[in-house]
Amino acid sequence: MAQAWPTLKRLYLNDFSARLLDWYDAHRRDLPWRSDTPDAYAVWLSEIMLQQTTVAAVMAYYRRFLTRWPDVRALAAVEDAEVMREWAGLGYYSRARNFLAAARMMAAEGFPVDEAGWRQLPGVGRYTAAAVAAIALGQRAVVVDGNVKRVVARLFIVETPLPAEDEIYRLTDAITPGERAGDFAQAMMDLGATVCTPRSPKCLLCPVRAGCRAYRQGNPTDYPRRSPKKARPERTATAWWIERGEGVALVRRPPKGLLGGMLGLPVSEDAGAGERLGQVTHVFTHFRLTLDVRRGTEIALDGDVEWWPRETLDEAGLPTLFRKAVTIAMQEDANVRSGG
DNA sequence: GATGCGTGGTT
DNA sequence: TAACCAAGCAT
């Protein structure tokens, strides 16, 4: 009888993963990075792009990127600026820089063969290393993203506020099967994205609700517990519209920090003097920025300046903040010229 | 462990 | 509409 509980537990867990995998086989989303013969480079690229970024936003970027640079050797050969341009608008630009750096290493050394090896690459953390190992290498790994945290927190009514890393990794480890760990991970993520959603979970469609403690309690949306969030501070700055015969001045931003490595309009932190062409507000994760766009003339331009004819600005690969600023500036500039 | 790092969709 | 949230990582 000493074996009874472990046996029941094992049966329950096998039942859980079996139910979930059956559901996945029937309902899985058809996504461009899903394949019966997964390619490590493609899976890796998708995982990087999907970090804190919605599937819908990633789709077009992923296709373009993979078409243009279909393997690690092709990517390793291109210049930084080209990759940053391709990433423009997707956000979290250090991802692109790290991905390119890692690709150059791997073009020389080959791909890591296990989770620990992947974990060493720049831009590859605990989640991504596990996801690539499970999905691309077919190895068992414990894959925990935001979806999994929510699903697990509800299944086991985790009372610890997020991130609750230790607890959730331990619980996820306990329900991860030895076979099809990659499909299991993707099943958990699909479940979180389509059924066990943050606001209005569709519990009646859930294949594992029978084993869900939050469902039994009747309050799934109370999980995961969260700590109160901080207020978002307001900041202001001035962006300069400097146009000459050759075009508009764009500067390459320093590699680290906000919009690191991207092209942008020259910016000064203090309020500047000069004709105001407009104002844009942009919400970042940790602050809200109001940007005055002013016409500049003799502003000191530090660092690398590129002059882009205004008709070509669409192809410069500007991050969204500066795309907005450029649009405003050109509209107002046109008004000034026509209206007087 | 807390903070900095983008952007767009949903409610 | 403001808040919330999304296949996180580096420091």
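Each chain gets a letter, A, B and so on, in the order its sequence line appears, and its residues count up from 1.
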Within the 4.0 Å heavy-atom criterion, would you say A/Gly192 contacts the bases, only the backbone, or no part of the nucleic acid? nothing
Heavy atoms from other residues, nucleotides or ligands near CD of A/Gln279 exceed 12 (cutoff 6.0 Å): yes
Given C/dC9, is OP1 or OP2 found less than 4.0 Å from the side-chain N or O atoms of A/Thr128? yes
With a non-hydrogen cut-off below 4.0 angstrom, is A/Lys230 in contact with a base, only sugar-phosphate, or nothing? sugar-phosphate
Would you say CZ of A/Arg180 has more than 12 non-hydrogen atoms from neighbouring residues, nucleotides or ligands within 6.0 angstrom? yes
Verify the contact: side-chain N or O of A/Tyr61 to OP1 or OP2 of B/dT7, cut-off strictly under 4.0 Å; return yes or no. no
How many Å lie between CD1 on A/Ile48 and P on C/dG8, as a whole number? 11 Å
Taking only the side-chain heavy atoms of A/Phe287 (C-beta and beyond), determine which of C/dA7, B/dT7, B/dC5 contains the nearest atom. B/dC5
Upstream residue (5' side of DNA chain B) when A/Lys324 and A/Arg235 are each assigned their closest nucleotide: A/Arg235
Take atom P in B/dT11 and the same atom in C/dA7, then report the distance between them in whole Å. 14 Å
Scan A/Pro163 against the nucleic acid and name what it touches under 4.0 Å (heavy atoms): base, sugar-phosphate only, or nothing. nothing
Does A/Leu162 reach a base, just sugar-phosphate, or nothing at all? Heavy atoms under 4.0 Å. nothing
Just the rounded figure in Å: distance from P of C/dC4 to CG of A/Asn147. 19 Å
Rounded interatomic separation in angstrom, taking NZ from A/Lys202 and C1' from B/dT10: 12 Å
For a quick test of reading the model: is some side-chain N or O of A/Arg288 closer than 4.0 Å to OP1 or OP2 of C/dA2? no
Less than 4.0 angstrom between a side-chain N/O of A/Arg323 and OP1 or OP2 of B/dG8, yes or no? yes
Whole-Å gap separating C1' (B/dG6) and CZ (A/Arg232): 11 Å
Among the candidates C/dA6, B/dG6, C/dA7, find the nucleotide nearest to the side-chain atoms of A/Arg150. C/dA6
If you take atom types as modelled and just measure distance, does the side chain of A/Thr53 reach the base of B/dG6 with a donor-acceptor pair under 3.5 Å? yes
When you measure from the side-chain N and O atoms of A/Lys229 to the phosphate of C/dC5, is any distance below 4.0 Å, counting only OP1 and OP2? yes
With A/Arg225 as the cation and A/Tyr223 as the aromatic partner, state whether NZ or CZ is under 6.0 Å from the six-membered ring centre and within 45° of the axis. yes
Considering every strand and a 4.0 Å limit on heavy-atom distances, what is the contact class for A/Thr320: base, sugar-phosphate, or nothing? sugar-phosphate
Find the distance A/Arg97:CZ to C/dT11:P and express it as a whole number of Å. 13 Å
Any base atoms under 4.0 Å from A/Val283, or only sugar-phosphate, or nothing? Heavy atoms, all strands. base
Given C/dA7, C/dA10, B/dT7, identify the nucleotide with an atom nearest to the side chain of A/Tyr127. C/dA7
Answer yes if A/Val55 and A/Tyr127 sit in the same cluster of Ile, Leu, Val, Met, Phe, Trp and Tyr residues linked by side chain heavy atoms under 4.5 Å apart, and no otherwise. no
Spacing of A/Arg253 atom CZ relative to B/dG4 atom C1', expressed in whole Å: 13 Å
In this structure, are over 12 heavy atoms from other groups packed under 6.0 Å from A/Arg232 atom CZ? yes
Please determine, for the side chain of A/Asn98, which listed nucleotide (C/dT11, C/dG8, C/dA10) has the closest atom? C/dA10
Looking only at side-chain N and O atoms, does A/His286 come under 4.0 Å of OP1 or OP2 in B/dC5? yes
Using a 4.0 Å heavy-atom cut-off, does A/Trp44 contact any base of the nucleic acid, only the sugar-phosphate backbone, or nothing at all? nothing
Quick check: closest heavy atoms across A/Gly296 and A/Trp240, and the distance to 0.1 Å? CA-CE3, 3.7 Å
Could you check whether A/Arg226 gets within reach of a base, just the sugar-phosphate, or nothing at all, counting any heavy atom under 4.0 Å? sugar-phosphate
Quick one: is A/Gln52 getting a side-chain N or O under 4.0 Å of the C/dA6 phosphate, OP1 or OP2? no
I need the CD-C1' distance between A/Glu234 and C/dA3, as an integer number of Å. 14 Å
Within the modelled atom types, does a donor on one side and an acceptor on the other bring the side chain of A/Thr54 and the base of B/dG8 under 3.5 Å apart? no
Parallel, tilted or perpendicular: which one describes the rings of A/Tyr41 and A/Trp44, with boundaries at 30° and 60°? perpendicular
Report the distance from atom NZ of A/Lys149 to atom P of C/dC5, rounded to the nearest whole Å. 13 Å
Report yes if a donor N or O on one partner sits less than 3.5 Å from an acceptor N or O on the other, where the partners are the side chain of A/Arg29 and the base of C/dA7; otherwise report no. yes
Return the minimal non-hydrogen interatomic distance between A/Pro32 and A/Met59, and the atom names on each side. CD-SD, 3.3 Å
Hey, which of these two, A/Arg199 or A/Tyr93, hits DNA chain B nearer its 5' end, going by closest nucleotide? A/Tyr93
Within the 4.0 Å heavy-atom criterion, would you say A/Leu90 contacts the bases, only the backbone, or no part of the nucleic acid? base
Would you say a side-chain N or O of A/His282 is under 4.0 Å from OP1 or OP2 of B/dG6? no
Distance between the C1' atoms of C/dC5 and B/dG6, in whole angstroms? 13 Å
With DNA chain C as reference, determine whether A/Trp33 or A/Pro122 sits nearer its 5' end, using the nearest nucleotide of each. A/Trp33
